[in-house]
Amino acid sequence: MVQSIVPEIIRESVTNLIKKGERVDGRALDEYREISLETGVIKKAEGSARVKIGNTQIVVGAKPQIGEPFPDTPNVGVLITNSELLPMAAPNFEPGPPDERSVELARVTDRCIREGKVVDLEKLTIIPGKKVWMIFMDMHIVDYDGNLFDAAVLGCLAALMTTKVPSTTIEDDEVVIDYEKMVPIPINEQPLMCTMAKIGGELVVDPSLEEDDILEARVSIGIRADGSICAMQKGGSVPFTHEEVLKAVGIAQEKTKELRKFIPQA
Amino acid sequence: MVQSIVPEIIRESVTNLIKKGERVDGRALDEYREISLETGVIKKAEGSARVKIGNTQIVVGAKPQIGEPFPDTPNVGVLITNSELLPMAAPNFEPGPPDERSVELARVTDRCIREGKVVDLEKLTIIPGKKVWMIFMDMHIVDYDGNLFDAAVLGCLAALMTTKVPSTTIEDDEVVIDYEKMVPIPINEQPLMCTMAKIGGELVVDPSLEEDDILEARVSIGIRADGSICAMQKGGSVPFTHEEVLKAVGIAQEKTKELRKFIPQA
Amino acid sequence: MVQSIVPEIIRESVTNLIKKGERVDGRALDEYREISLETGVIKKAEGSARVKIGNTQIVVGAKPQIGEPFPDTPNVGVLITNSELLPMAAPNFEPGPPDERSVELARVTDRCIREGKVVDLEKLTIIPGKKVWMIFMDMHIVDYDGNLFDAAVLGCLAALMTTKVPSTTIEDDEVVIDYEKMVPIPINEQPLMCTMAKIGGELVVDPSLEEDDILEARVSIGIRADGSICAMQKGGSVPFTHEEVLKAVGIAQEKTKELRKFIPQA
Amino acid sequence: MIIILTSKSIGNNDKGTLTTSSTKKRRDGRDFDELRPLKIEAGVLERADGSAYLEIGDNKVLAAVYGPRELHVRRLLKPNMAILRCRYNMAPFSVEDRKRPGPDRRSVEISKLTAEALNPAVFLEKFPRSTIDVFIEVLQAEGGTRCAGITAASVALADAGIPMRDMVAACAAGKSDGQVIMDLSEWEDKEGEADLPIAMMPRTGDITLLQMDGHLTSDEFEQALDLAIKGCQIIGEEQKNAIKNRYGD
Amino acid sequence: MIIILTSKSIGNNDKGTLTTSSTKKRRDGRDFDELRPLKIEAGVLERADGSAYLEIGDNKVLAAVYGPRELHVRRLLKPNMAILRCRYNMAPFSVEDRKRPGPDRRSVEISKLTAEALNPAVFLEKFPRSTIDVFIEVLQAEGGTRCAGITAASVALADAGIPMRDMVAACAAGKSDGQVIMDLSEWEDKEGEADLPIAMMPRTGDITLLQMDGHLTSDEFEQALDLAIKGCQIIGEEQKNAIKNRYGD
Amino acid sequence: MIIILTSKSIGNNDKGTLTTSSTKKRRDGRDFDELRPLKIEAGVLERADGSAYLEIGDNKVLAAVYGPRELHVRRLLKPNMAILRCRYNMAPFSVEDRKRPGPDRRSVEISKLTAEALNPAVFLEKFPRSTIDVFIEVLQAEGGTRCAGITAASVALADAGIPMRDMVAACAAGKSDGQVIMDLSEWEDKEGEADLPIAMMPRTGDITLLQMDGHLTSDEFEQALDLAIKGCQIIGEEQKNAIKNRYGD
């Protein structure tokens with residue numbers, strides 16, 4: 001992936017605005033852009049969602065498949081998260097195997113969903129030690145306008161909450177799949193993620209593309225419904241102070257409360 | 001693959017000749033170059049052929065292997081076609097995984113052979129749903145002098161017509177293979193392909209390398225023995241008119257009749 | 001891998017010294033640098049060794065795994081040798097899949113160990129035709145200061161001589177593994193390798209990095225304890241004469257005798 | 001900015017002009033010369049220089065265009081014209097059984113043919129030493145995605161303001177259940193006897209994509225070719241409407 | 001030239017300064033705020049411009065630095081500063097089940113984060129148009145290898161004579177068996193409730209790596225963060241000692 | 001233009017000159033110092049600058065040469081000489097069990113050794129800043145393909161008009177069934193005790209490829225080396241004949 005080159009002049013004007021508590025697009029420092037979420041957008045996927053934060057747009061599809069559990073967790077289903085920063089989404093995204101940015105997005109999303117205990121993976125066991133449901137969750141990033149993390153977690157959560165698998169029964173040690181009887185996968189928790197950029201020494205929520213390009217550092221924090229923390233990831237080459245980290249946790253707890261209204265009703 | 005650079009002057013002279021109904025190598029517009037075909041050239045392959053059209057030379061080897069059928073076609077054998085545009089065949093062919101040109105050749109050949117119903121794939125079933133013959137057909141392009149498609153289809157057809165597999169019997173749900181008793185694979189149809197280049201507004205059959213380098217567009221048409229059409233592929237960045245397409249079909253039907261005399265006797 | 005560029009002046013001075021029977025580091029032409037060998041350095045590996053010849057340093061880990069034998073050798077265990085010329089080991093080693101130099105090192109080491117009959121592979125059969133021990137031997141080259149071959153063979157031999165596998169029993173056609181009862185793998189022979197460089201027409205033993213960079217040709221010879229020859233590999237683009245080859249065999253037989261004192265006691 | 005167009009009625013109205021007559025209804029209720037419901041939107045993405053979203057039947061396809069722009073690998077550039085590159089890609093969730101991400105042989109071939117199908121329509125000579133990149137993402141596949149992709153890509157090119165001789169519209173015809181038909185569905189393609197996808201510049205009738213596999217007599221081929229051309233003409237109108245709806249007349 | 005340092009005593013001595021109190025001993029006998037035995041050596045490799053070897057618990061990690069040096073791929077160079085690249089890699093034999101050689105998604109992510117964690121400490125602006133390459137090899141893994149790698153890499157950078165604002169020390173804290181603890185072992189990480197690896201420049205307290213996964217309340221998070229910072233401070237002292245022992249004061 | 005040569009008689013005629021005597025006939029009826037039937041043709045391909053086809057026993061090998069020519073990747077070029085690159089490749093159908101296309105570790109090693117074996121014979125210094133590319137395709141393998149490839153490549157280089165100090169001829173000797181023998185067949189190689197492939201410039205006797213694996217005493221090694229050298233001499237004559245037959249004396 002080729003780095004965007006941001007003229008110094010843009011950096012300065014964005015930074016100076018933020019220092020004054022303002023943003024180029026008129027938002028408050030802790031304000032999200034417009035968010036929209038649709039589920040069930042892909043009929044061929046057993047679960048799906050299209051999420052937009054500002055102009056950032058991600059289509060998520062979840063596809064279950066019967067497979068074998070990992071040897072060390074014989075009674076636990078498998079969740080596999082993949083992301084594609086499509087070359088259509090930005091002029092500097094290139095075709096090819098996922099680069100480090102795409103890998104980071106997939107892994108952070110995966111940890112937030114997994115450690116946030118979204119899916120009750122043990123209930124995805126079909127035959128203990130032998131057959132479990134594997135859920136492949138693919139994120140297709142089609143338009144990139146900053147802050148992929150929050151959109152990714154919201155989209156994956158929504159896709160999983162609407163995912164159904166065929167009911168199964170065991171007859172003579174064989175799995176019988178009933179596609180007529182689709183059942184929702186068991187959902188436990190609903191963690192969400194809030195990303196903040198550090199620009200001009202301030203924390204700004206939901207960085208836009210322009211802000212993303214010039215940010216000094218970034219922190220994404222996953223928060224469960226009860227306010228507890230399930231995931232965290234710093235990015236960028238400028239440090240955070242101890243105080244900034246604690247402040248960021250507080251902001252994330254507040255803002256994910258707001259985000260919760262976009263979660264589809266179970 | 002690096003594009004050949006053809007000086008404008010060659011393009012003009014070749015084109016002008018063709019507009020007069022003549023070709024650089026003295027052929028008529030609808031005339032093939034010399035064709036030769038040998039079968040059984042590779043003892044280690046269960047079926048094989050070496051085909052030459054002009055100086056274009058392809059060695060084809062067919063190797064059967066017992067494998068599992070695709071889940072959606074449990075009673076059908078598998079045919080896999082692969083082509084290697086070897087770096088020995090032309091100065092601008094490079095080592096590495098098949099490029100788009102090689103992929104197109106393999107896929108067009110595969111469709112012509114498959115849709116032309118050459119092999120009775122259902123008869124390659126050994127145990128329904130469990131074991132079938134998979135035929136790997138590998139095309140080794142060793143010398144490239146234009147018009148790979150027609151040579152590829154002719155070579156693959158000849159290799160398949162001479163392919164033998166060991167006879168199999170089932171004992172206790174196990175496949176018993178008898179290498180002493182080799183039987184020909186069941187052949188249904190014998191489609192052939194005819195390729196035409198559009199140069200100077202004319203259709204010329206069996207484009208040579210020189211013509212291939214300057215062609216405006218190309219169309220390859222697969223024809224069964226009864227004259228029906230089983231495959232078609234346009235190439236190149238210049239369009240065909242409706243009339244040209246119909247004319248090309250007619251030419252292909254005529255010329256594949258001629259090609260038939262090179263098919264080995266069953 | 002980028003070739004080191006050695007100024008002509010170094011080449012001349014090293015060569016002239018050798019023609020006088022001397023070497024830059026003061027060694028005799030047939031003298032090894034300091035050698036050290038430790039085994040059991042990696043607790044997580046069932047067998048391991050760290051070997052140093054001069055500043056060349058290789059860490060070898062052997063990991064057994066239960067797998068299926070090759071169809072044509074149903075009663076023989078499997079030994080797989082891999083080497084990584086780590087980018088940390090030299091400024092011109094690059095990350096990525098093994099290059100030809102790394103592949104050659106792994107294959108020559110593998111042949112010396114395999115053809116030198118180090119491991120009694122037949123005794124690694126667990127269920128004939130179905131289950132055997134596969135030993136993965138990975139060489140991690142962490143510091144490159146010339147003469148990898150001799151260090152690789154010595155390190156792999158030492159790692160294998162200290163490798164233990166859990167004992168297995170068969171119950172109802174299932175393999176029962178007893179990790180409490182680790183048994184050494186059966187060792188037959190103890191071949192070692194001696195590498196010589198041809199510089200200025202002379203053969204010098206254990207080429208240093210400086211000598212490696214300017215050598216005209218290289219020959220590595222594997223010798224069993226009884227003096228018989230089990231492996232040989234020439235490298236470099238200058239020929240050897242018939243006499244040089246025979247002389248090299250003699251030197252290798254002498255020098256591997258010296259190397260034997262570093263082999264761990266069984 | 002969003003346009004929803006159903007071509008069902010259009011297809012029916014024009015039916016009478018074809019000489020072939022057929023009374024058998026198709027599995028999904030369509031006539032032999034009827035397109036599936038079609039919807040095209042231009043300008044659906046923010047970052048791309050041009051974009052389009054297309055639904056035909058249950059196909060859902062996005063196309064985006066970047067360029068003309070410079071390329072790092074100078075060796076590939078042409079001194080006298082732009083090169084048009086295309087990447088056709090299927091989302092892993094777009095098909096029944098999850099598709100592994102990344103190009104396979106099918107998508108490599110389709111990418112090549114798509115570039116060749118669009119090439120003749122673009123004034124490449126206006127942009128020497130540059131590239132125009134076309135990206136097609138199939139979000140949901142239901143038969144005929146290569147045609148859907150070409151059709152969408154053509155609208156995205158226009159949306160990007162790249163000067164074109166004409167739109168390129170693509171449509172398949174084929175034979176299924178013994179009948180020569182327009183615009184095969186997934187089921188008709190899979191169970192059918194032949195598939196003939198073409199692309200065309202509607203104004204001149206020039207054919208820029210031509211593929212066929214299956215089994216057709218010469219007569220059937222001619223019928224199918226006529227149906228596919230007819231389909232391209234209808235689709236071409238919808239492409240123009242999509243652009244008009246975005247930019248006005 | 002070889003320094004063996006056990007931080008066990010250091011950790012214990014300083015324990016009283018933390019506000020959290022806990023009486024439960026850990027599986028390996030450590031207190032909640034105690035590091036595993038730690039050993040750092042600088043200058044262990046001949047070829048690399050700088051290197052370090054680190055053991056913490058049963059982790060064995062090598063780090064090597066090459067640079068500042070030129071890069072073939074000029075496109076990636078920056079006109080006003082060096083770029084710091086990092087490759088974190090696990091030896092196939094470093095883990096219970098043999099790891100296939102080559103990068104996987106985990107090592108790609110850790111490599112990126114390691115580069116970001118080291119970046120702020122290095123005066124990159126002193127070396128325009130060049131690269132500094134950091135290679136980390138995990139020879140044996142027992143929980144906390146990313147922190148071990150960053151800590152070792154920082155010593156290797158110093159050993160290479162690359163001017164730095166401060167060392168970067170890394171240490172995880174987390175929660176296991178209901179208790180917030182410092183420096184999780186493999187078992188505590190695997191069976192535990194949360195893991196919080198951080199990297200820090202000890203002089204300023206600036207945090208250059210920050211990751212968390214698991215489940216922590218705000219209070220637990222704050223406790224864990226304090227423990228991790230404490231761990232970094234102890235480790236930072238050992239880094240300095242390692243350099244002193246190699247080069248003298 | 002096509003030359004068919006059987007070396008059987010040649011091998012037999014010269015047998016007496018070797019000091020080793022052996023009465024046991026080999027599985028395929030050959031004497032211990034007898035080559036398999038050999039056939040070499042030069043100039044068999046149209047496009048390549050030089051080419052050769054070789055059969056020895058059931059081996060069928062094609063070699064092609066392109067160059068001296070320029071290379072895109074300038075970094076690899078040498079200012080004072082050409083570089084000779086080699087690619088040894090086996091056709092998927094050349095062996096009993098289909099081989100997956102593309103290079104494996106074996107072919108990577110053989111490619112490297114083949115380049116090194118040919119290098120000393122070519123006047124590379126005459127072509128600074130260029131490459132000479134040698135491509136070897138094994139169409140059918142029956143033991144000894146690396147030697148067959150080198151032998152064929154050498155003829156292809158001559159056919160390309162590239163100035164050479166001498167031909168490079170390659171031949172293996174080894175031990176099978178307790179007997180030291182020349183030119184091992186596939187069966188003898190697989191079931192045998194040792195394999196010693198060499199390449200040589202026949203005029204000077206200089207050895208440019210030397211590999212061995214198996215088990216040989218010093219005496220057996222010397223015998224095998226002598227046999228391999230003898231084989232190279234015979235093959236060298238056939239190489240010259242192939243060139244003569246193509247170009248005349």
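Numbered from 1 within each chain, the chains take letters A, B, ... in sequence-line order. Heavy atoms only: backbone and side chains are in, while hydrogens, waters and symmetry mates are out. This one's a predicted model, so the numbers in the text were calculated from it and none came from an experiment.
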Pair His242(B)-Asp206(D), side chain to side chain donor-acceptor pair (under 3.5 Å): steps then yes or no: CA-CA 7 Å; His242(B) 185 250; Asp206(D) 280 342; over 6 Å; no

Verdict with supporting geometry, Phe240(B) and Thr208(D), side chain to side chain contact (heavy atoms under 4.5 Å, CB included): CA-CA 7 Å; Phe240(B) 281 107; Thr208(D) 68; over 6 Å; no

Step-by-step side chain to side chain contact (heavy atoms under 4.5 Å, CB included) determination, Asp110(B) to Arg105(D): CA-CA 12 Å; Asp110(B) 182 77; Arg105(D) 302 209 311 177; 5.6 Å; no

From CA spacing to verdict: side chain to side chain contact (heavy atoms under 4.5 Å, CB included), Leu246(B), Leu225(D): CA-CA 9 Å; Leu246(B) 297 183; Leu225(D) 185 60; 4.1 Å; yes

Side chain to side chain contact (heavy atoms under 4.5 Å, CB included) evaluation trace for Val108(D) with Arg107(B): CA-CA 10 Å; Val108(D) 167; Arg107(B) 283 179 57 84; over 6 Å; no

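Between Arg101(B) and Glu109(D) no salt bridge is recorded (no basic side-chain N to carboxylate O distance below 4.0 Å).
More than 12 non-hydrogen atoms from other residues, nucleotides or ligands lie less than 6.0 angstrom from CD of Glu125(D). Residue Asn80(D) places its CG atom among more than 12 non-hydrogen atoms of other residues, nucleotides or ligands, all under 6.0 Å distant.
When each of Glu193(D), Lys112(D), Glu222(D), Met200(D) is checked for heavy-atom pairs under 4.5 Å with chain B, Lys112(D) comes out on top. For the set Thr204(D), Leu196(D), Asn119(D), Ile198(D), the count of heavy-atom pairs under 4.5 angstrom toward chain B peaks at Asn119(D). Chosen from Ala199(D), Pro120(D), Gly205(D), the residue pairing most often with chain B at heavy-atom distances under 4.5 Å is Pro120(D).
Here the CE-CD distance, from Met212(D) to Gln233(B), works out to 11.5 Å after rounding to the nearest 0.5 Å. Residue Met232(B) holds its CE atom at 8.5 Å from CG of Leu216(D), rounded to the nearest 0.5 Å. Between atom OG of residue Ser228(B) and atom CD of residue Glu220(D) there is a gap of 9.0 Å, rounded to the nearest 0.5 Å. With rounding to the nearest 0.5 Å, the separation of CD in Glu100(B) from SG in Cys86(D) is 10.0 Å. The CG atom of Leu210(D) lies 11.0 Å from the CD atom of Glu244(B); values are rounded to the nearest 0.5 Å. For the atom pair OG (Ser237(B)) and CD1 (Ile83(D)), the distance works out to 11.5 Å, reported to the nearest 0.5 Å.
Residues of residues 72-79 of chain B that come within less than 4.5 angstrom of chain D, heavy atom to heavy atom, are Asp72(B) in numerical order.
Using a 4.5 Å cut-off between heavy atoms, Arg114(B) does not touch chain D at all. Of the two parts of Met201(D), only the side chain, counted from C-beta on, holds a non-hydrogen atom closer than 4.5 Å to a non-hydrogen atom of chain B. The part of Ile229(D) that comes within reach of chain B is its side chain, from C-beta onward, which places non-hydrogen atoms under 4.5 angstrom from that chain.
Scanning all heavy atoms of the two residues, the minimum distance from Thr217(D) to Ile229(B) falls at O-CD1, 4.4 Å. Nearest heavy atoms, Ser218(D) versus Gln253(B): OG-NE2, 2.7 Å.
The side-chain contact (heavy atoms from CB on, under 4.5 Å) test applied to Ala160(D) returns Asp49(D), Val65(D), Ile162(D), not counting sequence neighbours.
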